[in-house]
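The first residue in the sequence is number 1, and the count goes up from there. The structure displayed is predicted, hence computed values, not measured ones.
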Amino acid sequence: MNSLNFLKKLLGGVPVEWKALGGLGELIRGNGLQKKDFTETGVPAIHYGQIYTQYGFSTNKTKSFVSSELAKQLRKVDKGDVIITNTSENLADVGKALVYLGETQAVTGGHATILKPGKYLLGKYFAYFTQTDEFANEKKRYAKGTKVIDVSATDMAKISIPIPFPDNPKKSLKIQAEIVRILDAFSELTAELTAELTAELTARKQQYKHYRDHLLSFPNGEAEWKPLSEIGDFVRGKRFTKADYVEDGIPVMHYGEIYTRYGTFADKAFSRVRTDLAKSLRYAQPGAIVIAGVGETVEDVGKAVAWIGAEQVAIHDDSYAFRHSMNPKFIAYLMQTSAFIAEKAKHVSSGKVNRLLINGMERVKIPVPFPDDSEKSYAEQDRIVAILDKFDALTNSLTEGLPREIELRQKQYEYYRDMLLSFPKPEEVEA
C-alpha cells in the first residue's frame, strides 16, 4: 500500500470537529524566570526563548535548572504538559510548542503558557499542528505588537484545533497517536537524511577548501608572488545610507552586504539608491574586486566579491574597489584562501569596529601565473577559475547539489505533515 492510500484509509470518513484550544485542556500563563536565574543543577527549567532555539517537539530532559527556592514561585510543568511560547520578535516563533516528557517536574516562566491536555487531546499532536499554515493563520489574527509580537494565553485559547472522533476520546486519541507516530517517523527519517547530507556537504566544502588552497598555492613554482600594489590599485567608495535606498535606481553595494549577501562573484546588485546621488558616488567598474573595509569580525573585514556585472556599481565608503587587469574571479578565489586570510588579518585594526588598513593590504602578495607571458597567464587563470567554479556551484549553490537535496527532503516532510493535519472546517464542508 502506498503512502497516499494509507493516509486516505487512516483519515477517510473520520468525523472531525474543530474545537477551541481552551476547551481541550487547561491553559496556565507562566511567570518570572530569566536566564540569569539558571544554575548548574537544581530543578529542571525551560525558558520560553529556548523552545524555539534549542528544542524540537518534545524533550525528557531540560537544558537548564533553577534553585529550589525560585522553583517554588514558578509555574509547574508535569509530564505530558505542553509549553507554548507567547512572545518573540518573530511571529513564526510565537506559538512554538514543546511537549515535556520528563519524569521530574519542571518549571517555566513568563512569555510562555502551559497547556495541560484534557482527555480529547494528545500533546504532541497539538505540537505538530502548531507547524501548519492553518495554525499560523489563526495565531496571526490574534498577534499584537510590532517589534515584539505577543499572542496572549487568552487569545491562544481561542485558536481552533481539529479533533477526530470528538464524541469518543479513546478513538480520538488513537487517531492522534497514529498521526504522531507517522510524523515522528518522517521527522526522524528527515533528520537522519538531513544530517547525512549536511555531513556530506561539510566534507565537500572541506575538500573544496583544501583543493582550492592547494591549487592556488602553486606548489610547482609556476607563478611569481607580487604585492597587490604592483598588480592594481585601491579606490575607496563614497558614502550613502540605507535611507537612500529605492526600488529602481543606481545599483549599489553596501559593505555589510559583501559578507552577508554576496558570494565569490556577482553580476547583479541587491540594492539601489536614488538617481540624484549619481555624481556624489564612486563606482566599481566591471571586473573590479569589491572589498569590505570594516566588519564585526576579522574574517568579515577584507571579504572580496568579484563584480562581473555589465554595468558599474556604486560602492560604500567603508569598502574599496581593487582595479586590476587579471581575471577578477581568479583574484576573488585567491582572497578566500587560508594563506591570504592569514596575511590579511595582520592588517586589520581590531576594536569595537574591525577596520582594514589599506596601506598594509597593498603589501599582501598573491601569485601571478606565468608573469612574463600574458597570454599564458590569462589562460592559466581561466583554467583555474573554471575548475573552482564547478566546485563552488556544487558546494554553495542553493539550486544545485546537496543543499537542494536537503531542501527537498524538508519539503517532503512538510507535505505529509500538512496532509495528515489538514481537516476540512465546517464552512469548507458546506461549500
Exercise for review: Using the ring-ring contact (aromatic ring centres under 6.0 Å, His included) rule, collect all pairs that involve residues 289-323, keeping only residues at least two apart or in two chains.
Suggested key: Phe234-Phe322, Phe240-His316, His254-His316, Tyr255-His316, Phe322-His324
Review point. If you look only at pairs with a residue in residues 85-113, which of them pass as a ring-ring contact (aromatic ring centres under 6.0 Å, His included), with sequence neighbours excluded?
Key: Tyr48-His111
Under a 4.0 Å N-O cut-off, is there an ion pair linking [X] with [Y]?
| X | Y | answer |
| --- | --- | --- |
| Arg212 | Asp389 | no |
| Lys303 | Asp300 | no |
| Asp244 | Arg274 | yes |

Study note, to complete from the structure: From the list Ile114, Leu74, Thr62, side chain to side chain contact (heavy atoms under 4.5 Å, CB included) with Val107 holds only for Leu74
Check your understanding: Where do Tyr413 and Phe186 land on the ring-ring contact (aromatic ring centres under 6.0 Å, His included) test, with the steps shown first?
Key -> CA-CA 6 Å; Tyr413 158 71; Phe186 268 112; 7.2 Å; no
Review point. Centres of the Phe270 and Tyr262 rings: under 6.0 Å?
Key: yes
Review point. Could you go step by step and tell me if Leu173 and Tyr125 meet the side chain to side chain contact (heavy atoms under 4.5 Å, CB included) rule?
Key: CA-CA 9 Å; Leu173 293 180; Tyr125 170 82; over 6 Å; no
Practice item. May I ask you to decide if the ring planes of Phe135 and Phe126 are parallel, tilted or perpendicular, using 30° and 60° as cut-offs? Key: perpendicular
Check your understanding: Hey, does Gln410 have a side-chain heavy atom less than 4.5 Å from the side chain of Glu407?
Key -> no
Review point. Listed by chain and number, what are the salt bridge (charged side-chain N to carboxylate O under 4.0 Å, His left out) partners of Glu40, not counting sequence neighbours?
Key: none
